Student: 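Below are the structure tokens for one structure; questions will follow.
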Amino acid sequence: MIYAFYIAAAVAIVSTAMVIVQMNIVHALLYLILSLLSVAVIFFVVGAPFVAALEVIIYAGAIMILFVFVIMMLNLGTQSYRTEKGWMRVWTWVGPVLLASVLLADVVYMLVSPARLPGGGRLPPAFVRPYAMMVGPRAVGVTLFGPYLIGVELASILLLSGLIGALHLGRAVRPESFIGPVSAKKPGSSKKTDRGEGTVKK
Amino acid sequence: MMLPYLWLIPALPFAGFLVLSVLGRRMGNGPAAAVGVGSVGLSALVAILVASSFINAPPPAHVYTQTLWRWISVGGFAPGVMLYLDSLSLIMVLVVTVVGFLIHLYSAEFMAADDGYSRFFAYMNLFVGSMLVLVLAGNLLFLYLGWEGVGLCSYLLIGFWYREPENGAAAIKAFVVTRVGDTALAIGLFLIFINLGTLDIQRMMNLAALHWRPGGALPTIAAALLLGGAIGKSAQLPLQTWLPDAMAGPTPVSALIHAATMVTAGVYLIARTNVLFTMAPAVQIAVAVIGAATLLVSGMSALVQHDIKRVLAYSTISQIGYMFVALGVGAWSAAIFHFMTHAFFKALLFLGAGAVIAGLGGEHDIFRMGGLRRQMPLAFWCFLAGACSLSALPLVTAGFYSKGLILSSAWEAGRAGFWLWAAAIAGALLTSIYTFRLVFIVFFGEAKAKISKKPGPRAAIPLVILAFLSVAGGFVNFPAFFGIKGSMFFSRFLASALPSATYAAPLPETDLLLEAVAAIVSLAGIYVAYFFFLSSPEYSREMAGTAIGKVLKRFWFEDWGFDWLYEKTLAAPYRWLARTNRNDAVDLFYSFIAKVNMFFHYGLSLSQTGKVRFYAAVIALGAVVTITIAVFAR
Amino acid sequence: MMPPIPANPAPVNPLRMDMIPMNYALIVAWVLFVIGVIGVLARRNLLFILMSVEIMLNASGLAFVVAGSRWGQPDGQIMFIFILAMAAAEVSVGLALVLLAYHRFGGLDADAANRMKG
Amino acid sequence: MSVTVQYLIIVFGVLAVTLGIAAMLIWVERRLLAFWQDRYGPNRVGPFGILQPVADFIKIMAKEDWIPPFADAPVFIIAPAIIVVAVLLSFAVIPWAPSISVADLNVGLLYFLAFSSLGVYSVALGGWASDNKYALLGALRASAQMISYEVFMGLSLMGVVMLAGSFNLRVIVEAQRKLWFVVPQFLGFVIFFIAGVAETHRLPFDLPEAESELVAGFHAEYSGMKFGLFFVGEYLGITLISALTATLFFGGWLGPVLPPLAWFFIKTFFFIGVFILLRAALPRPRYDQLIRLGWKVMLPLALLNLVVTGGIILAAR
């Protein structure tokens, strides 16, 4: 199983890295899905089969398909590819990578410095190299609908508000309404209306 | 058994208030009057039935309590909405509802031409409800609710004709001055609760008797604070200045609130918490002294007023002073008796004055009236009955019996008793003089104006009933020396709720002598009034023309300069302070903070580039820095 | 006839959980998260930014699950479920906003939306 | 025979049998359709035309492997493989018989749902990569349809999970020894079967590839073996749904007299027959009707089923 973990971790890291350097958004999306699947494998390996399945069903299967949907609706063509190419400059990566290396330094420091408790005492060795333990779906379900019941309710409220928000934002709006109030339409006269005028009005 | 329906008595006026305040604008005058008068009338009916039930089949220990629901429960503090009915509160309830009903009935006609007809009845109903809460309350917090409720209604009704700025000013003055007393009362409640752990009146008094040493500091302070509340509400020295100004309200309001009921709430409060006052002899003496001083001071002020209602207002203050004297000497039932008769005759006087004022088209100045005896016979005879009762005309009036009881109680009250009695008898002389000055100037002499309107049936009936009560109301308490069967019925009835007088009742012979003196003084006063204001008014003019007379008249007219004093010592310094501090010194500090904020605001707004990625970068930077600090600073 | 079957048969291929060092799994979560951060900061395309946010959410979820597994407690997985719910809500609203922005600005440039006006 | 060899036999046996069934279904469907439509169907190749799939296979392999120049080549190639892989992997958790199953996962049912949800990508990406208007429309329809029906497909199965107390398919079959779950979960069965038809976009829910409006929908640009993979994927999907219906609601391998494997095949083929009969019998609804049915009828019914089942279980406890 340890090899499954190493392979999945490697795939996850490589494919995630590929996500953020892709020019073609669909390819990036495919890499992201691959990354999610490999994270699901990691979940499975560390003894969490339930969330592994959820990761695939909901994350890879439902959330990502929304991205696919949107990309298909936007119908981004070769032009977007060229824009991406234009935006992709070396120096844009400098800052983020610097930040990341600072974080790396933090982590390396934490790894090499001996583990200490806040009080100053050392952790017993068992806490330094912990291993995974299996947690089945039943335990998750019992805890979820027991102590975390309020959390479930809050999550449902969050989802409902997300639903309403998406519905409101995504309602069918004509392009004109983004620009400004549409003047009384008469056949012929609408052609003369300059769109720029409407923008100023708004 | 009607006792379980006790809650209906305050509930009915409140229901009327609700209906009127919600629907008042939409219903016409007729329905509004029906609701306003009807609710109080029904309440009075229930009160009478409850009273008969209470008298015929007294509940155990002559006390009936009804806990409607628990109000709040915080820690150990759980005051219930509890009604407490004993003979004292029964008397109060009867007076409030019956007199209240009569005045409502009178108002139905008196206010007929007014714009705010339904509003008026809404306020009045709210007042009656609050007053009933006050008198029926079983614990001090609930009592305080009613106390503030009546204060609110008083404010609303004094300023009823709010389009005149002076009325608003009078309302505010009444509110602010009574607030001084109310604050003292609130502090007193806190003190009692902290030390005794309860606000239930009976429990409180039992505990006080158990734990507190008579004459000790705690009962003295507690009683003094309660007295402060009573002084404010009952317009006693030195907080009496609001009451004459309160006459800005409609006349039925003056009759109901500022004569018959609300202003006597202080008397009720002291009588209700009598144990506390008995345990604080110093405060009790203070009550008596305040009462005596008040009755003299306001009696003299009443002597020189021009406004018919102001005369009656000072008279009210003076009569409440009598009640305070009675309370101060421990003659609890005498105070309540006088409260009852006073409610009858003072309401009658106000309503009669109202009839006169309405008849003359809103004229208040007594020197522009005159000779109304023939033009308004009904109003005259009723007013005369009230005046006789107020002047304690011997034997035939209620005032004679109640005032006589107070006088004889004062006489018996130890060493100070003589001086209290002397003040009271001097006050009685003043009372008859100013009362009959009013009668002679207004109703006798030559007619100076034509009346435009006579009281109709709805106004006449209350007048007649109240006139009857003013005359016959005293017969419930014949003095013992008459030797009539059933004498002192009223006092014996009250004995279940109030301890009998602290001092031994005077011997019948002494009592008879005292009553005789009082009767002579009363008649002498009437004669003085007749001499100076009817038969030879030039003497009074001459007296007022002398230097000392001028000063005295001015002094008394201005209520002994209390308003001037308060203006100079309190209001003016406060205004000066407010003016000087117009640009609030404390504000400097806050505006400094605001300036600092503005500085940072403009500084930070530079970072608002609108670039989402910039924001994200800054957030990430901040997070990384925080994490780094957390990691390396471990 | 039917052969007798144990009521709850043992798994054919039992998982041995005791081999995976949790530190490594947490490091994987860290790497994924940092990649997400870099993506958010470096890319200009709104959709890429959203995807990078998803990467970060997923990485934090991984950290939660790993931590939960380390203690044998379900709480980590529950946190991941909450993250899932949040991600679903966030993506639905976020994508609706992306669509709006696309129609409004004629593109997916995050820097085009630098005015907070009408 | 060592355990490993036995395990390998099971794995490859399942793979071979599954693919064999899918291939034979090409012939079976055409023959059955012809039978119900009162005609012959393919009957020339071999006895009763039983070798027709072989002939089709040879023909399809011989065709040019054409990728349109405007297409997104890598995605275009990956798309058809996804569905075949996803469905084949789903078969891993099906218990064919007490001792025959590839993986006995304790989250078997979730595993199936996970891979069935991945099937969407095949259709969506295939349609998008083709860069063709009809293909894109077909892909949009397919993904909307599959996402919608996936929601209550999972919900409809939760009644079964509650009754059995496990996600493990073997445990679920064992739990039906006394009573098939189709009886207490009849509503769940109906919802699941309808959702299964929609998931495999079979008639009457074949709107993504509706010939009459969208030419061929998402696979309009596909030809040769890539088209063949979509085709095989569809039949694999039918087999999977049928096998699962048999397992979850009709007692799987349970049955008298005959060996367990035989019972499993009998039940599975019965539902495959139902699939084909549906194609022969029912007209195609409009697309908006399909989606409305999903969200406004099936989803509330699935939730109702869930609530009532849970309530009854709680009350009975």
Side-chain angles (χ1 to χ4, degrees), chain A residues 18 22-34 36-37 39-41 43-45 47-78 80-81 134-142 145 156 159 163 167, chain D residues 70 72-76 78-79 82 85-86 89-90 93 103 105-131 133 135-148 150-151 153-154 158 161-162 165-168 218 310:
Chain A
M18 293 300 282
Q22 282 296 317
M23 300 293 147
N24 187 321
I25 193 153
V26 174
H27 294 178
L29 207 53
L30 281 174
Y31 277 115
L32 182 53
I33 292 162
L34 186 56
L36 295 174
L37 292 181
V39 170
V41 172
F43 283 161
F44 197 85
V45 168
F50 182 59
V51 293
L54 281 188
E55 170 102 355
V56 179
I57 296 173
I58 295 174
Y59 233 128
I63 297 181
M64 286 303 128
I65 203 75
L66 285 180
F67 276 95
V68 176
F69 230 86
V70 167
I71 291 163
M72 290 203 290
M73 281 165 76
L74 296 182
N75 203 6
L76 304 166
T78 47
S80 88
Y81 183 80
M134 174 86 176
V135 181
R138 186 184 294 269
V140 175
V142 167
F145 288 98
S156 66
L159 285 172
L163 176 73
L167 200 65
Chain D
F70 44 81
D72 187 327
V75 181
F76 189 81
I78 293 170
I82 293 176
V85 170
L89 281 171
S90 296
V93 291
L105 286 181
N106 63 350
V107 288
L109 204 52
L110 289 174
Y111 176 90
F112 154 70
L113 289 171
F115 279 101
S116 82
S117 73
L118 285 184
V120 190
Y121 285 106
S122 174
V123 181
L125 293 173
W128 179 81
S130 303
D131 206 1
K133 194 184 292 173
L136 189 66
L137 279 175
L140 274 171
R141 281 186 176 190
S143 32
Q145 171 180 335
M146 289 174 82
I147 290 180
S148 307
E150 208 169 76
V151 173
M153 180 191 235
M158 291 308 134
V161 173
M162 275 194 270
S166 172
F167 285 114
N168 190 321
F218 60 89

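None of these values were measured; they are calculated from a predicted model. Note on naming: letters A, B, ... go to the chains in the order of the sequence lines (proteins, then strands), and numbering restarts at 1 for each one.
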Student: Return the CG to CE distance between D/Leu125 and A/Met72, rounded to the nearest 0.5 Å.
Tutor: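 Going from the CG atom of D/Leu125 to the CE atom of A/Met72 covers 8.0 Å.
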
Student: Any side-chain heavy-atom pair from A/Val68 and D/Ser143 closer than 4.5 angstrom?
Tutor: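 No. Closest side-chain heavy atoms not under 4.5 Å.
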
Student: Which atoms of D/Leu140 come close to chain A, meaning under 4.5 Å heavy atom to heavy atom: side chain ones, backbone ones, both, or neither?
Tutor: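 Answer is both: backbone and side chain atoms of D/Leu140 are under 4.5 Å from chain A.
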
Student: Grab the two heavy atoms, one from A/Ala53 and one from D/Ala114, that are nearest each other, plus how far apart they are.
Tutor: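 Smallest heavy-atom distance, with atoms named: O-CB, 4.2 Å.
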
Student: Rounded to the nearest 0.5 Å, what separates atom CD1 in A/Ile33 from atom OH in D/Tyr121?
Tutor: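 These two atoms lie 3.5 Å from each other.
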
Student: Would you say that more than 12 heavy atoms from the other residues, nucleotides or ligands in this model lie under 6.0 Å from the CZ of D/Phe76, or not?
Tutor: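 It does: D/Phe76 CZ has more than 12 such atoms within range.
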
Student: Is the backbone of D/Ser166 close enough, under 3.5 Å, to the side chain of A/Arg138 for a donor and an acceptor to pair up by distance?
Tutor: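 Looks like no, no N/O pair under 3.5 Å.
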
Student: Might you point out which heavy atoms bring A/Pro49 and D/Asn106 nearest each other, and give the distance in Å?
Tutor: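 It is CG-OD1, 4.3 Å.
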
Student: What part of A/Leu37 gets within 4.5 angstrom of chain D, counting heavy atoms only: side chain, backbone, both, or neither?
Tutor: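 Contact with chain D involves the side chain of A/Leu37 alone.
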
Student: Can you tell me how far apart OH (D/Tyr111) and CD1 (A/Ile57) are? Round to the nearest 0.5 Å.
Tutor: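 It comes to 12.0 Å.
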
Student: Under 4.5 Å from any heavy atom of chain D, what part of A/Ile65 do you find: side chain, backbone, both or neither?
Tutor: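 When you check distances to chain D, atoms from both the backbone and side chain of A/Ile65 fall under 4.5 Å.
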
Student: In terms of heavy-atom proximity below 4.5 Å to chain A, should D/Ala129 be classed as side chain, backbone, both, or neither?
Tutor: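 Answer is neither: D/Ala129 stays 4.5 Å or more from chain A.
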
Student: Under a 4.5 Å heavy-atom cut-off, does chain D meet the side chain of A/Ile58, its backbone, both or neither?
Tutor: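 No part of A/Ile58 comes within 4.5 Å of chain D.
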
Student: Relative to chain A, which segment of D/Leu118 carries a heavy atom at a distance below 4.5 Å: side chain, backbone, both, or neither?
Tutor: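 Answer is side chain: those atoms of D/Leu118 sit under 4.5 Å from chain A.
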
